[in-house]
Engineer: 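Handing you a structure now.
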Amino acid sequence: MNELPPETQNWHGRTDELAQMQEWLQANNVRLIGITGTGGYGKSSLVAKVFATAQSFEKQVWATFSQNYPFAVWGRWLLEKLGKATPEKEADLLTAVCNNLRTGRYLLVLDNLETLLEANGEWHDKTYYDFLLRWLSSHTESVILVTSREQPQLPPNTLNYCRWLPLKGLSTDAGVALLEDLDIQGADAQLREFVKQADGHPLLIKLVAGVLHADEGDVVDISALRQNIFEILGLHRYESEASIGKILDASIARLTPKLQKLLFNLSVYRPAFNATAAAALLPEQEVTQADLRGLVKRSLLQENKLENVWVFEFQPLILAYLKQQAGDLTEVHERAIAYYYSEDLVDILEIFHHHCELKQYNQACNILNSCYNFLDLQGYYTTIIELCNRLENEWQPSNQDENREFAGVLTSLGNAYNSLGQYQIAIDYCKQSLAISLEIGDHNGEATSLLGLGDAYYLLGEYQIAIDYYQQSLAISLEIGDRGDEAASLAGLGNAYYFLGEYQIAIDYNQQSLTIYREIGNRNGEATSLNNFGNAYNSLGEYQIAIDYHQQSLAIQLEIGARNGEDSSLVGLGNAYQSLGKYQIAIDFYQQSLAIQLEIGDRNGKAASLAGLGNAYQSLGEYQEAIDYHQQSLAIFREIGDRGGEASSLTNLGNAYDSLGEYQQAIDYHQQSLAIERDIANRNSEAISLTNLGSAYTSLREYQQAIDFYQQSLVIYCEKSDRNGEAASLTNLGNAYIYLREYEQAIDCYQQLLMTQREIGDRNGEAQSLQNLGKLYNLTGRIKEGYAAGIQATQILQELELPIEAWAIPKWAKSIAKFAQRGKLQLGLCFLLGLFAFPFALVFIVSVMLWRVVKSQLLRR
């Protein structure tokens with residue numbers, strides 16, 4: 001799809017038309033402006049002039065319909081250009097396009113709209129009609145500019161929001177100025193008469209000027225115009241394109257046989273071409289830039305300077321005429337293929353086009369396979385879909401080998417839709433591919449299709465289903481000895497178990513996949529496995545190890561140009577630095593990854609970056625900004641159907657509102673998250689949501705409710721042998737029981753916690769638990785045990801050599817300790833103060849203890 005407006009060379013006149021369009025652009029109720037007219041009147045040039053001078057638009061997008069693109073392809077392309085998310089279901093694409101165009105003030109050009117219409121005026125894809133109908137029926141500040149040979153039929157009730165400008169010929173003055181630019185001279189009256197006879201048709205004027213130059217030389221007097229040309233022009237008022245056809249015939253007839261053949265051969269090219277490309281189509285004769293300039297002078301070609309290189313292309317009407325008259329161009333398509341084989345990858349895509357034009361679908365499929373990895377690494381997912389869709393729609397496989405290749409095309413479509421976050425579409429294509437592979441007994445294709453299904457369900461957060469598909473794929477890969485699919489299946493299993501909180505299992509699978517990727521030299525797979533290692537170690541609290549793995553992964557991704565992997569490594573680095581409390585560094589990594597994700601359309605990655613930014617800003621205390629990022633992340637996860645991501649965003653929103661003290665709203669988000677986590681059997685995240693709910697209810701002083709949630713989370717952590725999670729739940733339970741003054745239950749929780757911390761080697765946590773136990777023992781009259789616990793805690797803190805700020809003692813005690821550390825004088829003063837205060841403190845403590853003993857005895861009676 002051409003995204004650039006045409007050059008406006010030899011621009012003259014159209015002052016009134018430009019003023020009218022500018023006025024319509026500023027009107028409040030105008031949503032669509034259309035320019036109609038037959039070919040060659042300059043519709044695209046007029047809109048290009050408006051496009052170049054338009055102001056007050058946030059973004060401008062130009063789309064030329066050089067072929068009949070389905071709405072599904074165009075709609076995804078447009079949303080990517082606007083930097084918007086694409087919905088998972090194709091049925092939701094129309095709504096997404098309309099809604100996103102209403103989010104700002106955009107200028108959208110739909111050039112050559114007639115390409116989307118059939119000969120009877122019906123739409124090839126009726127969704128375009130539905131789009132325009134919905135667009136015109138809703139309020140928006142954006143404007144659509146349309147060029148078309150015919151005005152599409154729209155309901156009468158929408159016409160109030162449309163403005164149509166039937167484009168006529170140039171004014172006489174503008175036509176004369178154009179002739180002078182084209183080196184046509186003569187008496188003013190004769191020039192004016194010619195422009196009137198041509199009805200001011202710009203292309204017709206240029207073509208006639210070309211014929212005159214061919215007959216008379218570089219500078220021509222209008223008087224040289226022969227009577228037969230006037231006869232042709234006489235048809236113009238009634239049969240414009242018939243007149244242009246006759247002028248084209250006359251112009252082509254005046255070319256040398258070499259240039260005639262070159263002109264028809266060049267009509268096989270889709271994009272603009274240079275002199276080298278032109279020469280490749282006529283190898284038996286020398287073709288120079290001067291030959292092409294000669295065709296430009298006759299207005300049979302247009303020229304532009306692109307990056308200091310002159311390139312040439314056809315005006316659409318002339319190209320259509322040449323294709324109609326050219327005859328069999330099979331040999332020319334083959335020459336184009338040979339030329340493009342000598343060029344870069346972008347031209348390899350043109351080879352694909354020429355093979356399809358020749359109905360050589362096997363060869364086209366081979367071209368797709370040869371460039372697939374590059375397109376995938378660079379994130380050109382819409383290009384992959386466009387190429388695969390052409391094969392899907394045109395190719396009718398006739399044997400087992402072709403069916404095997406066709407199944408691979410469907411799998412490629414599934415993988416591309418996975419990357420765009422449209423998982424249900426991906427699942428449908430992978431299931432179609434799997435059915436073909438099973439039917440023809442292609443075990444390799446079967447394993448690849450199962451792998452694609454595993455990826456789709458993993459990205460949907462359906463981890464157990466994903467694991468089942470990965471294991472099926474792994475079994476087949478091991479059986480047939482496909483090391484690549486074996487490694488990919490292992491990596492998929494590692495990812496699924498990671499999101500289930502089984503980090504050690506995830507590491508084991510990733511280690512196996514990494515070993516294979518390195519053995520077979522798959523650098524992209526190696527980088528992916530390293531990144532997965534980083535994620536796992538980050539979740540295990542080994543942040544520096546995680547950073548090291550992510551940096552190794554990023555280095556490889558940069559080396560091989562894998563844009564989609566680069567953004568994943570940047571997100572991993574952001575997560576690790578955030579865990580270290582280095583929030584500004586984390587934000588920088590998230591912003592870098594977000595820029596890449598917007599560029600390549602990685603919606604899942606974009607959501608992850610937005611979530612990371614939200615968490616970083618939340619840690620910085622900027623809660624409202626955090627909520628904004630989490631809401632954006634949540635919207636994307638919901639659109640693409642990633643339930644695991646949706647639950648994560650809901651959890652993040654709950655935490656943000658908890659930090660703002662809006663506990664009821666926090667509870668609502670955590671309850672939504674918990675429901676999803678239970679539905680997709682994500683036990684690790686379920687335990688986190690239960691803990692968060694306990695925390696929110698604690699803040700609301702509903703301690704019994706909080707205890708219930710903490711106990712549920714403890715059961716899960718014990719079940720999963722997550723000792724860190726177990727310790728956190730016991731701490732929360734102990735605190736809740738203290739708030740309820742149920743000290744014995746609190747002591748029981750802290751004693752279990754102390755054992756856990758000693759088993760996992762958490763010395764700092766052990767000291768804090770001893771300090772809390774010391775306080776609880778004192779509160780329950782167990783002075784001796786309290787004293788012993790306090791001594792043990794102090795010994796651990798001294799061994800750890802932690803700063804006083806890290807000690808779990810009251811602020812007044814920390815202040816005294818700091819004062820004593822200043823010098824001997826301060827230490828002596830503290831000692832004297834202690835001797836003086838001790839008797840009074842002792843009397844107070846003994847009195848309190850005696851009262852508690854007496855009180856407990858009375859309660860027993």
Engineer: Is the shortest heavy-atom distance from the side chain of Asn100 to the side chain of Leu78 under 4.5 Å?
Structural biologist: no
Engineer: For Ala728, does its backbone N or O pair with a side-chain atom of Asn732 as donor and acceptor, under 3.5 Å?
Structural biologist: yes
Engineer: For the residue pair Tyr663 / Arg701, report whether a side-chain donor-acceptor contact shorter than 3.5 Å exists.
Structural biologist: no
Engineer: Backbone N or O of Gly445 within a donor-acceptor pair of the Ser449 side chain at under 3.5 Å?
Structural biologist: yes
Engineer: Using only heavy-atom distances, determine whether the side chains of Asp708 and Gln712 contain a donor-acceptor pair under 3.5 Å.
Structural biologist: yes
Engineer: Side-chain donor-acceptor pair under 3.5 Å between Thr95 and Arg134, yes or no?
Structural biologist: yes
Engineer: Establish, from distance only, whether the side-chain atoms of Thr103 and Lys84 form a donor-acceptor pair under 3.5 Å.
Structural biologist: yes
Engineer: With distance as the sole criterion, is a donor-acceptor pair present between the side chains of Asn535 and Asn575 under 3.5 Å?
Structural biologist: no
Engineer: When you check the side-chain N and O atoms of Asn772 and Gln768, is any donor under 3.5 Å from an acceptor?
Structural biologist: no
Engineer: Do Gln665 and Asp658 have side chains that approach each other closer than 4.5 Å (heavy atoms only, starting at C-beta)?
Structural biologist: no
Engineer: If you apply the rule side-chain contact (heavy atoms from CB on, under 4.5 Å), what do you find for Leu490 with Leu514, and how did you get there?
Structural biologist: CA-CA 9 Å; Leu490 289 165; Leu514 178 62; over 6 Å; no
Engineer: Looking just at side-chain N and O atoms, do Asn532 and Asn510 make a donor-acceptor pair shorter than 3.5 Å?
Structural biologist: yes
Engineer: So Tyr498 and Tyr503, ring pair (Phe, Tyr, Trp, His ring centres under 6.0 Å) or not? Walk me through it.
Structural biologist: CA-CA 5 Å; Tyr498 166 77; Tyr503 305 127; 5.6 Å; yes
Engineer: In the structure I gave you, are the side-chain heavy atoms of Thr651 and Glu677 within less than 4.5 Å of one another anywhere?
Structural biologist: yes
Engineer: In terms of side-chain heavy atoms, does Asp428 have a donor or acceptor partner in Gln432 at a distance below 3.5 Å?
Structural biologist: no
Engineer: Would you kindly say whether Asp748 and Tyr737 are connected by a side-chain donor-acceptor distance under 3.5 Å?
Structural biologist: no
Engineer: For Ala687, does its backbone N or O pair with a side-chain atom of Thr691 as donor and acceptor, under 3.5 Å?
Structural biologist: yes
Engineer: Heavy-atom count around Glu439 CD within 6.0 Å, excluding the residue itself: above 12?
Structural biologist: no
Engineer: When you compare the side chains of Ser609 and Gln597, does any donor N or O come within less than 3.5 Å of an acceptor on the partner?
Structural biologist: yes
Engineer: Side chains of Asn538 and Ser579: donor-acceptor distance under 3.5 Å anywhere?
Structural biologist: yes
Engineer: With a 6.0 Å cut-off on the ring centroids, do Tyr697 and Phe709 count as close?
Structural biologist: yes
Engineer: Is there side-chain contact between Tyr617 and Ile627, with at least one heavy-atom pair below 4.5 Å?
Structural biologist: no
Engineer: Testing the 3.5 Å rule here: is there a donor-acceptor pair between the side chains of Thr731 and Tyr750?
Structural biologist: no
Engineer: If we ignore angles and hydrogens, is there a donor and acceptor under 3.5 Å between the side chains of Asp548 and Gln552?
Structural biologist: yes
Engineer: Have Asp468 and Gln464 got a donor and an acceptor in their side chains that come within less than 3.5 Å?
Structural biologist: no
Engineer: When you compare the side chains of Thr411 and Thr448, does any donor N or O come within less than 3.5 Å of an acceptor on the partner?
Structural biologist: no
Engineer: Begin with the C-alpha distance, continue with both residues' side-chain angles, and end with the deciding distance and a verdict on ring pair (Phe, Tyr, Trp, His ring centres under 6.0 Å) for Tyr469 and Tyr457.
Structural biologist: CA-CA 9 Å; Tyr469 280 118; Tyr457 281 104; 5.6 Å; yes
Engineer: Does Ser713 use its side chain to pair, donor to acceptor, with the backbone of Tyr710 at less than 3.5 Å?
Structural biologist: yes
Engineer: Short question: side chain of Ser633, backbone of Ala607 - any donor-acceptor pair under 3.5 Å?
Structural biologist: yes
